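These notes are about the structure you will find just below.
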Amino acid sequence: MAVPSEARGAGGGKGLARPARGGSPPTQIRVRMAPSPTGFVHLGSARTALFDYLFARRQAGVFVLRVEDTDEARNQPHFETAIYEGLHWLGLRWEEGPDVGGAYGPYRQSERMDLYREAAASLLKAGAAYRCYCTKEELDAEREAARAAGRPYKYSRRCLTNPPVGRDQFTVRFQVPAGEVRWDDLVRGEVVFDLDTIGDFIVMRADATPLYNFSVAVDDARMEISHVFRGEEHISNTPAQLLILEALGHPRPTYAHLPVIVGQDRQKLSKRKHPETRLALYQELGYLPEAMVNYLALLGWNAGTEQEIFTLAELEEVFDIARVQRSSAMFDWQKLDWLNGHYIRQLSAEELAARLAPFLPELQPDVVRRAVPALQERLRRLADARELLEYLWTDPAAPDLEVADRDKVRAALAGLDGVAWEPEPIQAALDALREREGWSRNALFKPVRRAVTGRDISPPIHDTLALLPREEAFRRLSRVL
RNA sequence: GGCCCGGUCGUCUAGUGGACCAGGACGCCGGCCUUUCAAGCCGGAGAUCACGGGUUCGAAUCCCGUCCGGGCUACCA
C-alpha cells in the first residue's frame with residue numbers, strides 16, 4: 001500500500017539529495033541508464049533517459065550510461081551505436097559510459113564478468129546463496145506441477161536441503177530469507193513485498209554468467225548509483241535486487257518507478273505491436289528532437305503549473321521526480337504533432353531549411369530555402385513538406401478544366417507575361433488581373449492552382465508559382481487550355 | 001492463478017478536506033480572419049472525479065469493500 005503523502009511530500013526538490021539510508025554521509029548524485037543493445041531505442045527508455053538526465057542536471061549529479069549486454073545472441077556490439085545516436089539526437093549527454101569512459105568502468109556488463117563471479121563467490125561463502133544442481137527439465141517439471149495443482153510456483157529448495165550427488169553443473173541460487181522487504185519509491189510511495197511469495201532465485205547460470213537482477217544489483221552498487229529510475233515493469237525485480245544488495249553489504253539506491261507508456265490499446269508499448277515504440281521512427285518522420293523531449297517530459301510528468309511548452313534547458317530547471325505520475329500514460333500522436341508544429345514554427349528560416357533538406361533530396365538547397373516561408377506554418381512533421389512540394393519534382397497530370405476556368409488560366413498566362421518571377425510581382429500581377437476582371441481570388445486561383453500542381457490544396461498561389469521555374473509554370477498553364 | 005501498481009473530460013493532466021456544481025492543454029465543434037490548406041484569434045461541447053459504503057459540518061481529496069485496467073510471474077533484459 002502506498003503512503004504518498006509521507007514518501008512523496010518530503011521528496012520534492014533538494015530533499016532528494018539525502019542518502020537513501022540514514023547514517024552515511026551525503027554522497028554524489030549518480031543516476032544511470034542501463035539499456036541493452038537490441039538495435040533500437042525504446043520510447044520508454046528514451047523517456048527514462050530524459051528523466052535521468054534532467055535529474056542529474058538539476059542535482060549537479062552524474063549521468064552514467066551502462067550497457068547491459070549480458071545476453072545471448074540478442075545483443076550485438078554494433079547495436080550499441082543505435083543507443084548513442086538516439087540519445088544524442090534528443091540532445092542528451094552523459095558523463096560516464098562505454099563511449100566516454102569514467103572512473104567506474106568498464107561500462108559494458110560483458111566486460112565485468114569477474115565482478116559478478118566475485119560477488120557470487122562471496123554470496124556463497126557467506127551462506128546467502130547455494131549451489132543448485134537442478135536441471136532445466138527438473139525445474140520445468142516443478143513449475144508445471146505447481147501450475148497443475150493451482151499453486152503459485154516457488155522453487156522447492158531441493159538443492160538447499162537435499163542436493164543430488166554426482167552432478168557438476170550448477171547454478172548459484174540466492175536464498176531468500178523470511179520476512180518482507182520494503183522501500184520508499186520516489187513516485188509510488190512505500191512499496192512492500194512479502195518475501196514468502198518470492199522463491200529462491202538464480203543469480204548465476206551454469207556457465208558462470210550472471211542473471212539480470214544480479215548484474216544490475218552488483219553494478220548499481222559498484223558504480224555507486226544513488227538513484228535508479230526505470231519503468232514500472234521493474235517493480236517486481238526490486239525486492240530481489242534489494243536482497244542481493246543487502247547480502248553483499250552494499251547501501252541501497254533510491255528507486256523511482258516510472259509509469260509505463262501505453263499504446264491506443266492500453267498495453268505497454270512493444271516493438272511488435274506498436275510502431276511508435278521505436279525512437280528512430282520519429283526522426284524518420286520529421287519530428288524535431290525539441291518536440292520529442294517536450295512531449296516525452298509531459299508523458300507522465302507535469303510542472304504543476306499550466307506551462308506545457310518546455311525546452312530542454314527549461315526542463316533542467318524545473319524537473320522534479322516527485323511530480324511524476326503514478327498511472328500509465330497513453331501515447332498520443334495528436335499532441336505530439338501539435339508540439340512539433342509549434343517547434344517548427346519557432347525555427348528560423350535558415351534553420352528550418354537546413355532541417356528540411358534531408359527530407360527533400362530531389363530539390364536544390366536554394367529551392368528548399370525559398371520554399372520555407374510557404375511551408376513553415378503548414379508543417380506538422382518535416383516529412384509533410386514532401387506532399388506539399390511534390391509538384392516540383394513530378395509532373396502532375398493536366399486537369400480537365402471547365403471552359404470558364406480555362407478562360408481564367410488563359411488570362412493568368414497573359415497577365416503573367418513578362419512579370420519578374422518572384423512571389424510579390426506574381427501576386428501583384430494576379431491581383432491586378434482579377435480586380436480588372438472583377439473575379440474573386442478563389443475564382444482565379446483555384447484553376448491556376450489545379451493547372452500547376454494538379455491539386456486543390458497548396459500554399460498561396462504566388463509562392464507555389466514562384467517555386468517552379470518560369471518556363472515550367474507557363475508550360476503547365478498552357479497545356480490545360 | 002499469485003504478487004505488485006494503478007483508476008479526474010476521448011487523450012495528457014491540475015487538484016493533498018472548504019476558494020471545485022472540478023482548472024489547463026491536445027483533439028473535436030462553431031465563428032472570425034482568409035486565396036485553398038494551414039497558422040492565428042474568439043467562443044462552445046465534453047468528467048454522475050470507476051462503483052458502493054463509511055469518517056466529517058463539509059470528500060475528487062481520508063478509511064473499508066467491490067469492480068475494472070495494467071505490470072511481473074525464466075538458467076531474458
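Residue numbering restarts at 1 for every chain, and letters A, B, ... go by the order of the sequence lines. Hydrogens, waters and symmetry mates are skipped; everything else that's a heavy atom, side chains included, is used. Bear in mind the structure is a predicted one, so any value in this text is a computation, not a measurement.
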Pair [X] + [Y]: ring centers closer than 6.0 Å:
X: Phe51(A); Y: His227(A); answer: no
X: Tyr343(A); Y: Trp338(A); answer: no
X: Tyr295(A); Y: Tyr282(A); answer: no

* Check whether any side-chain N or O of Gln325(A) sits under 4.0 Å from OP1 or OP2 of C12(B), and answer yes or no. =>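 Looking at the OP1 and OP2 atoms of C12(B), neither is under 4.0 Å from any side-chain N or O of Gln325(A).
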
* Respond yes when some side-chain nitrogen or oxygen of Arg266(A) is under 4.0 Å from OP1 or OP2 of U11(B), and no when none is. => yes

* Structure fact -> The correct set of residues in residues 207-220 of chain A placing a heavy atom under 4.0 Å from RNA chain B is Pro210(A), Leu211(A), Tyr212(A)

* Output the residues of residues 133-143 of chain A in contact with RNA chain B, where contact means a heavy atom of the residue under 4.0 Å from an atom of the strand; sort by number or write none. =>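 Cys134(A), Thr135(A), Lys136(A), Leu139(A), Arg143(A), in order of number.
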
Remember a base hit wins even if backbone is also touched, and classify [X] as base, sugar-phosphate or nothing at under 4.0 Å, heavy atoms.
X: Gly300(A); result: sugar-phosphate
X: Phe201(A); result: nothing
X: Ala206(A); result: base

Separation of [X] atom [atom1] from [N] atom [atom2], in whole Å?
X: Glu232(A); N: G7(B); atom1: CD; atom2: P; value: 11 Å
X: Trp333(A); N: C12(B); atom1: CH2; atom2: P; value: 16 Å
X: Met330(A); N: G71(B); atom1: CE; atom2: P; value: 12 Å

Protein N or O to nucleotides 44-49 of chain B N or O, pairs below 3.5 Å:
none

* To do: Output all residues satisfying side chain to side chain contact (heavy atoms under 4.5 Å, CB included) with Arg476(A), sequence neighbours left out; order by chain, then residue number.
  =>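 Checked Arg476(A) against side chain to side chain contact (heavy atoms under 4.5 Å, CB included); matches are Tyr391(A), Asp395(A), Pro396(A), Leu468(A), Glu472(A), Arg479(A).
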
* Asked: Can you find a donor-acceptor N/O pair under 3.5 angstrom joining the side chain of Glu306(A) to the base of G23(B)?
  ->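 Donor-acceptor pair under 3.5 Å: no.
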
* To do: Please state whether the rings of Tyr155(A) and Tyr130(A) are parallel, tilted or perpendicular, taking 30° and 60° as the class boundaries.
  =>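 The arrangement is parallel - the two ring planes meet at less than 30°.
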
* Phe174(A) and Phe201(A) aromatic ring geometry - parallel, tilted or perpendicular at 30°/60° bounds ->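 Ring orientation of Phe201(A) relative to Phe174(A): parallel.
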
* Could you check which nucleotide pairs with U61(B) in any of the strands shown, counting Watson-Crick or G-U wobble with both distances under 3.5 Å? => none

I'd like a table of atom pairs between the protein and nucleotides 30-37 of chain B - only N or O on both sides, under 3.5 Å - with the distance next to each one.
from, atom 1, to, atom 2, distance (Å)
U35(B), OP1, Arg441(A), NE, 2.8
U35(B), OP1, Arg441(A), NH1, 2.2
U35(B), O2, Arg449(A), NH2, 3.4
U35(B), O4, His462(A), NE2, 2.9
U36(B), O2', Asp456(A), O, 3.3
U36(B), O2, Ser458(A), N, 2.9
U36(B), O2, Ser458(A), O, 3.0
U36(B), N3, Ser458(A), O, 2.4
U36(B), O4, Ser458(A), O, 3.4
U36(B), O4, Pro460(A), N, 3.1
C37(B), O2, Arg378(A), NH1, 2.9
C37(B), N3, Arg378(A), NH1, 2.3

What does the list of N/O pairs under 3.5 Å between the protein and nucleotides 41-43 of chain B look like, with a distance for each?
none

